[in-house]
Amino acid sequence: MNESPDPLLDLLHLLDLEQIERDIFRGESRSALVPRVFGGQVAAQALVAAGRTVPADRAAHSLHSYFLRAGDPGAPIVYTVDRIRDGKSFTTRRVVAVQHGQPIFHLSASFQTDEEGMEHQAPMPAAPDPETLPTAAEMLPRYADRFSDPGVVDRLIEARQAVDLRYVDAPPFGTVGEPREPRSQVWFRTNGKLADDPLLHVCMATYVSDMTLLDSVLLAHGRGGWAVGDVVGASLDHAMWFHRPFRADEWLLYDQESPSASGGRGLGQARIYTADGRLAITVIQEGVVRIPRG
């Protein structure tokens with residue numbers, strides 16, 4: 001297993017785009033666990049590009065995006081920002097990610113100045129203390145016999161070096177063949193301190209949000225996922241609403257469920273809470289989830 005001396009620094013470098021012209025940015029790509037660019041990377045980089053054209057006093061409050069084509073991990077991605085609107089309270093940006101002359105991803109994001117308003121939220125569900133749960137390095141080797149490729153465990157652990165992600169219950173590949181309630185919980189935080197930049201914390205949460213959101217779809221059908229080989233799929237669209245300030249380097253509870261799967265697609269929806277019970281983010285994603293033919 002190839003361990004970076006500082007995986008979090010590598011991830012921060014990945015999200016730190018190069019500005020090559022006004023409203024045009026370039027980001028690096030890297031291989032993911034599957035032979036395409038990880039969707040969370042593209043979404044986070046696009047949000048970085050949008051945020052860099054917005055006044056610092058306006059925080060991201062929502063994004064809506066579509067994955068159009070699989071990204072090539074061997075090529076850079078160019079992000080073009082369209083300044084749709086700059087209002088008194090809200091700023092809207094549209095971002096198109098391009099590789100090899102074709103759009104691979106489209107994002108619309110909205111930013112807002114800070115203001116007071118009515119307050120209520122859904123209560124935080126029960127969940128165990130994250131410190132009592134096994135880390136990826138402790139948990140994943142238990143399921144090594146579920147994967148036909150013996151290198152999968154090492155690649156999964158490597159992919160989680162920058163982010164400490166801990167499952168509350170067994171992941172989909174831990175209960176293959178046993179349909180369960182379509183709900184999943186994970187705790188996550190970065191493996192290290194982040195700078196006090198609200199956009200960075202939002203972009204980091206966007207990156208992580210694509211890691212496990214469709215797990216609940218798999219659980220409902222007793223499927224283990226791509227690493228087991230009993231499903232194939234990809235993200236189709238992804239939406240997030242950022243309700244309250246949070247830090248991605250402090251524990252966040254990702255409470256996920258799937259209300260529906262049909263037509264070769266599965267829907268995941270989730271709420272992300274801070275450890276002290278504040279609802280920070282709502283997430284919804286639809287993805288292709290197919291049973292392999294033959």
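Because only heavy atoms are used, hydrogens play no part in the values below, and waters and symmetry mates are left out as well, while side chains stay in.
Remark: Arg166 CZ is packed, more than 12 non-hydrogen atoms of other residues, nucleotides or ligands lying under 6.0 Å away. Within 6.0 Å of CZ on Arg278 lie more than 12 heavy atoms contributed by other residues, nucleotides or ligands. The environment of NE2 in His100 is crowded: more than 12 heavy-atom neighbours from other residues, nucleotides or ligands sit within 6.0 Å. Environment of CD in Glu21: sparse, with no more than 12 heavy atoms of neighbouring residues, nucleotides or ligands closer than 6.0 Å. More than 12 heavy-atom neighbours from other residues, nucleotides or ligands sit within 6.0 angstrom of CZ on Arg183.
Counting only N and O atoms by type, the side chains of Arg93 and Thr53 include a donor and acceptor under 3.5 Å apart.
Note: Tyr207 and Phe38 meet the aromatic proximity criterion, with ring centroids under 6.0 Å apart.
For Arg247 and Asp196, the salt-bridge test passes: some basic side-chain N is under 4.0 Å from an acidic carboxylate O. Salt bridge annotation for Glu178-Arg223: absent, with no cationic side-chain nitrogen under 4.0 angstrom from a carboxylate oxygen. No salt bridge links Arg52 with Asp23; every basic N to acidic carboxylate O contact stays at or beyond 4.0 Å. By the 4.0 Å N-to-carboxylate-O rule, Arg58 lies too far from Asp114 to be salt-bridged with it. Checked for salt-bridge contact, Arg180 and Glu257 miss the test: no charged N lies under 4.0 Å from a carboxylate O.
Sorted by first then second residue, the ring-ring contact (aromatic ring centres under 6.0 Å, His included) pairs that include residues 111-165, not counting sequence neighbours, are Tyr143-Phe173, Phe147-Phe173. The ring-ring contact (aromatic ring centres under 6.0 Å, His included) contacts involving residues 42-77 comprise His61-Phe90, His64-Trp241, Phe67-Phe105, where partners must be two or more places apart or lie in separate chains.
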* Asked: Between Asp82 and Val96, is a side-chain contact (heavy atoms from CB on, under 4.5 Å) present by the stated rule, with each step listed?
  -> CA-CA 8 Å; Asp82 191 358; Val96 178; over 6 Å; no
